[in-house]
Amino acid sequence: MTIRKAGRMKQTPPTSRQDSLAAVRIGIDTVFEKLDHKQLKETMDYALNLARSSETLVTTTAERDYSRQKWIFRHQVEWHRKLTLSLACLIFFLIGAPLGAIIRKGGLGTPVVISTLFFIFYYIISLAGEKYARAGILPVWLGMWGSTILLMPLGIFLTLKTT
């Protein structure tokens, strides 16, 4: 759409999306037919370089975002660890004290062995949850609080059973 004004042609902006698409729509075959072999090769090389550049940009951006996400997971894991370790002390007290009162025969050995088994169970679940949280497989709160969620009911049950 052009308007003639004072001897010069002036482009007016397209009025709709259809007009703008019609103005841009050019047949690629007709453009390539007008180019000689050297210009065609240069055009293809330029397009290939642009595509490679775009691919590199996308790959680099994806790697940067992944690295930032891992960094965020790492910080969230450490924040949750401070809370879960303090609560783990309370949970092990809720498990250990009733075990010492319930298992009286055998002296000190049997309650220590059973408490050690509970600790190993807690430690394995805690490490697996932390690994999955850092990798982004599990939500960070679930990965870090999973072992606490599993052992807290046992500690409460043993404490209630003892009283």
Side-chain angles (χ1 to χ4, degrees), residues 13-26 28 31 40-163:
T15 55
S16 70
R17 182 162 170 80
Q18 292 291 349
D19 290 342
S20 64
L21 287 176
V24 173
R25 196 170 292 145
I26 299 172
I28 291 177
V31 172
L40 183 62
K41 183 175 177 353
E42 288 174 358
T43 304
M44 296 297 260
D45 288 341
Y46 182 72
L48 187 60
N49 285 336
L50 280 178
R52 286 181 181 151
S53 169
S54 297
E55 180 187 21
T56 303
L57 179 67
V58 168
T59 304
T60 305
T61 304
E63 288 173 358
R64 187 191 68 219
D65 290 347
Y66 179 72
S67 175
R68 285 182 181 174
Q69 189 65 37
K70 284 188 76 153
W71 191 253
I72 290 170
F73 287 153
R74 176 183 269 169
H75 282 279
Q76 288 176 343
V77 163
E78 291 303 321
W79 186 81
H80 282 284
R81 183 194 317 270
K82 295 188 183 345
L83 300 173
T84 57
L85 287 180
S86 60
L87 191 59
C89 294
L90 178 64
I91 291 172
F92 283 123
F93 176 76
L94 291 176
I95 291 173
L99 275 179
I102 292 173
I103 307 174
R104 292 192 183 170
K105 68 172 148 172
L108 187 63
T110 308
V112 168
V113 168
I114 293 174
S115 295
T116 304
L117 290 176
F118 280 123
F119 175 75
I120 290 171
F121 175 73
Y122 172 85
Y123 188 71
I124 290 171
I125 291 175
S126 178
L127 280 181
E130 180 181 337
K131 180 180 176 183
Y132 291 147
R134 281 184 188 227
I137 296 171
L138 280 178
V140 175
W141 68 270
L142 182 60
M144 294 305 294
W145 288 90
S147 54
T148 305
I149 292 169
L150 287 175
L151 285 182
M152 180 62 99
L154 178 67
I156 293 171
F157 172 74
L158 287 175
T159 303
L160 292 175
K161 183 88 168 163
T162 303
T163 57

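- A distance of 10.5 Å separates OG1 of Thr148 from CG of Leu90, quoted to the nearest 0.5 Å.
- Judged purely by atom type and a 3.5 angstrom limit, Thr60 uses its side chain to pair as donor or acceptor with the backbone of Thr56.
- In summary, the aromatic rings of Tyr122 and Phe92 are positioned with their centroids under 6.0 Å apart.
- Taking both residues in full, the closest heavy atoms of Leu138 and Leu142 are given as CD2-CD2, 3.9 Å, listed atom of the first, atom of the second, then distance.
- Within the 4.5 Å cutoff, the side chain of Lys41 has heavy atoms near those of the Asp45 side chain.
- Smallest separation of non-hydrogen atoms from Ile125 and Gly146: CG2-C, 4.3 Å.
- Ring geometry for Trp145 versus His80: interplanar angle over 60°, hence perpendicular rather than tilted (30 to 60°).
- A 4.5 Å side-chain heavy-atom check between Met152 and Ile156 finds at least one atom pair inside the cut-off.
- The shortest side-chain heavy-atom distance between Met144 and Gln76 does not fall under the 4.5 Å cut-off.
- Side-chain contact check for Leu87 versus Leu83: every heavy-atom pair is 4.5 Å or farther apart.
- Residue Phe118 holds its CZ atom at 12.0 Å from CG of Leu150, rounded to the nearest 0.5 Å.
- Considering all non-hydrogen atoms of both residues, Ala133 and Pro139 come closest at CB-O, 4.5 Å.
- To the nearest 0.5 Å, the span separating OG on Ser147 from CD on Glu130 amounts to 10.0 Å.
- Ring orientation note: the planes of Tyr123 and Phe119 are close to parallel, at an angle under 30° on the 30°/60° scale.
- Contact record, Val77 with Val140: N-CG1, 3.8 Å, taken as the closest heavy-atom pair.
- A donor-acceptor contact shorter than 3.5 Å is absent between the side chain of Ser67 and the backbone of Glu63.
- Between Pro98 and Leu158, the closest heavy-atom pair is CB-O, 3.4 Å.
- For the atom pair CG (Leu94) and OG1 (Thr159), the distance works out to 4.0 Å, reported to the nearest 0.5 Å.
- Ionic pairing of Arg134 and Glu78 is present here: one or more N-O contacts between side-chain nitrogen and carboxylate oxygen are shorter than 4.0 angstrom.
- Atom OG of Ser126 is separated from atom CG of Leu151 by 10.0 Å, given to the nearest 0.5 angstrom.
- Taking the six-membered ring for Trp and the full ring otherwise, Trp71 and His75 have centroids separated by under 6.0 Å.
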